[in-house]
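As structure tokens, the structure follows; a few thoughts come after it.
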Amino acid sequence: MGRYFGTDGFRGEANNNLTADHAYKIGRFLGWYYGEVKRRNGDDTPARIVIGKDTRRSSYMFEYAISAGIIASGADAYIMHVTTTPSVSYITRLDDFSCGVMISASHNPFCDNGIKLVNSAGEKMDDETIDKIEAYIDGDFEKAGCGNCDIPYATGEDIGKVVDYVSGRNRYIGYLISIASNSYRGLKIGLDCANGSSWMIAKSGFDALGAKTYVINASPDGVNINRDAGSTHMEGLQKFVVENGLDVGFAYDGDADRCLAVDEHGNVVCGDEILYIFAKRLKRENALDGGKIVTTVMSNIGLYKALDEEEIGYEKTQVGDRYVYENMAKNGYKLGGEQSGHVINREFATTGDGTLTVLTLCNEVVKSGKSLKE
């Protein structure tokens, strides 16, 4: 990857190696670039870019800076406020946005932050466009494709606008609820929201499906995201599930694009085990496209032995959900993921989605009549 952007966006310590000026320049380029794409296609309407953020204190600063850059270049910024990475991906493709922006550093501590970009299909942005953004940040206007001078500012009625788009977040919740094939009435679920993005989304969806939902770490204050909480600190959820006699528990990371599970005895169920459960169901239903799933080189050898016994094939990629998805898309596979809890189901999403994983795993528990441990 490039100088600023890695496999999961532009990430760094807020106002150290990731500054508000970086965010403003990214917004300036995106607003101009996607406006130019539309104009070349004979469409003179402004580009529309949707933005979400997690609960870090610096996320507000970056949201405002990116929005300012977008509207200064003549595009419109649609603000989803605190939401999850997969919700931004979903709304970007559903509502025909030019691209989407998520402000988050995932499982990192609050002092870090990141800027993740997705294309109009809700997939991670291509390297060619990322290279142009990096060139613009460095002032290399020729390489960025904007000529030998800076991008012009929009003036008068051409200045873009900011649109409150919390409705997009609500429609994403509705979409998740529609995926559930069973009522969860009587199921006691524990959720560790990591004081991050999922605190705005997760509980309402499971309550609507009839579950008895118990939540911890859902009081973000800007600095407690991931602090002794979430998928990198499972011990709190393990204790909570056992002490409260819950059927199952789930721990998100800061932007809720992944999760890990805990069974009724407090045992952690990792991404490999979740993939195995899903793969068996897909094969049983003759829905395992290509007869394979996609994993990374970090997956446990036990997963491969178990898949071999079920006669389920697999591919291995380097670490990173970006590489998992690229392999899936190239070969037409439906299921893939990482041991860390990134699980991608291409039937429903173009990215890892922790809440979708929870819903799908709860479906398995309810339909089978078995506990998660079983």
Side-chain angles (χ1 to χ4, degrees), residues 1-12 14-15 17-41 43-53 58-80 85 88-89 91-93 96-105 113-155 158-163 165 322:
M1 300 300 290
R3 176 178 175 187
Y4 302 107
F5 285 82
T7 58
D8 203 24
F10 186 162
R11 192 173 292 186
N15 275 349
N17 49 353
L18 172 58
T19 67
D21 186 53
H22 288 130
Y24 177 72
K25 288 179 178 178
I26 290 170
R28 281 276 282 148
F29 184 84
L30 293 175
W32 169 81
Y33 178 78
Y34 284 103
E36 286 295 299
V37 170
K38 295 192 73 172
R39 283 186 284 274
R40 286 197 297 268
N41 291 325
D43 184 350
D44 290 331
T45 60
R48 299 162 61 250
I49 298 171
V50 64
I51 304 171
K53 66 175 181 288
S58 63
S59 291
Y60 293 83
M61 172 181 70
F62 291 125
E63 176 189 61
Y64 298 150
I66 291 172
S67 299
I70 288 169
I71 64 177
S73 291
D76 296 338
Y78 286 67
I79 309 300
M80 287 178 68
T85 291
V88 172
S89 175
I91 289 299
T92 299
R93 69 178 187 273
D96 297 322
F97 284 101
S98 298
C99 71
V101 180
M102 179 64 187
I103 302 162
S104 176
N113 216 322
I115 298 172
K116 303 181 181 184
L117 305 176
V118 297
N119 63 20
S120 59
E123 302 166 335
K124 293 193 176 184
M125 194 167 286
D126 62 280
D127 290 341
E128 182 179 352
T129 305
I130 293 295
D131 288 344
K132 291 178 179 178
I133 295 170
E134 293 195 329
Y136 181 74
I137 291 173
D138 286 337
D140 189 342
F141 303 132
E142 286 284 350
K143 186 176 179 181
C146 49
N148 57 5
C149 59
D150 200 351
I151 294 168
Y153 284 100
T155 58
D158 291 330
I159 295 173
K161 63 180 183 288
V162 172
V163 179
Y165 213 57
R322 177 191 185 102

**Q.** Residues that Asp21 engages under salt bridge (charged side-chain N to carboxylate O under 4.0 Å, His left out), provided they are two or more places apart
**A.** Lys25
Q) Parallel under 30°, tilted from 30 to 60°, perpendicular over 60°: which one fits the rings of Phe141 and Tyr136? A) tilted
Q: Quick one: closest heavy-atom pair of Ile151 and Phe29, and the distance?
A: CD1-CA, 3.9 Å
Q: Find out whether Ile26 and Ile133 are in side-chain contact, i.e. whether some heavy atom of one side chain is under 4.5 Å from a heavy atom of the other.
A: yes
Q.
Would you say that Met125 contacts Val118 through its side chain, given a criterion of any heavy-atom pair below 4.5 Å between the two side chains?
A. no
Q: Measure the shortest side-chain to side-chain distance between Ile137 and Arg3 over non-hydrogen atoms and say whether it is less than 4.5 angstrom.
A: no
Q. Are Leu117 and Leu30 close enough, and set up right, to give a side-chain contact (heavy atoms from CB on, under 4.5 Å), and what steps lead you there?
A. CA-CA 10 Å; Leu117 305 176; Leu30 293 175; 4.0 Å; yes
Q) If you take all heavy atoms of Ser67 and Val162, which pair is closest and at what distance? A) CB-CG2, 4.5 Å
Q. What's the shortest heavy-atom distance between Asn119 and Lys124, and which atoms?
A. ND2-O, 4.1 Å
(Q) If I take atom CD1 from residue Ile79 and atom CD1 from residue Ile49, how far apart are they, to the nearest 0.5 angstrom? (A) 10.0 Å
Q | Beyond-backbone contact of Ile51 with Ile70, side-chain heavy atoms, under 4.5 angstrom | A | yes
Q: Check whether any side-chain heavy atom of His22 sits under 4.5 Å from a side-chain heavy atom of Phe62, and report yes or no.
A: no
(Q) A side-chain contact here means heavy atoms from C-beta on lying under 4.5 Å apart; do Asn113 and Met61 qualify? (A) no
Q: May I ask you to check whether Phe97 and Tyr165 place their ring centers less than 6.0 Å from one another?
A: yes
(Q) Looking at every non-hydrogen atom in both residues, tell me the closest pair between Ala65 and Ala20 and how far apart they are. (A) CB-O, 3.5 Å
Q | Any donor-acceptor N/O pair, Asp76 side chain to Gly160 backbone, under 3.5 Å | A | no
Q) Below 4.0 angstrom, N of the basic side chain to O of the carboxylate: do Lys143 and Asp138 qualify? A) no
Q | Minimal non-hydrogen separation, Ser73 against Ala154, with atom names | A | C-CB, 4.0 Å
Q.
Quiz question: by atom type and distance under 3.5 Å, do the side chains of Lys116 and Ser104 form a donor-acceptor pair?
A. no
Q | Where Ser98 and Lys38 come nearest, the two heavy atoms and their spacing | A | OG-CD, 4.3 Å
Q: Would you kindly check if the NZ (Lys) or CZ (Arg) of Arg48 is within the cone defined by 45 degrees around the ring axis of Tyr34 and under 6.0 Å from the six-membered ring centre?
A: no
Q) Looking at SG of Cys146 and CG of Asp140, how far apart are the two atoms once the value is rounded to the nearest 0.5 Å? A) 8.5 Å
(Q) Nearest 0.5 angstrom please: Met102 CE to Thr85 OG1, how far? (A) 4.0 Å
Q: Evaluate the side-chain proximity of Lys161 to Ile71: yes if any heavy-atom separation is below 4.5 Å, no if none is.
A: no
Q. Can you tell me if Glu63 uses its side chain to pair, donor with acceptor, with the backbone of Ile103 under 3.5 Å?
A. no
Q | Any donor-acceptor N/O pair, Asn41 side chain to Asp43 backbone, under 3.5 Å | A | no
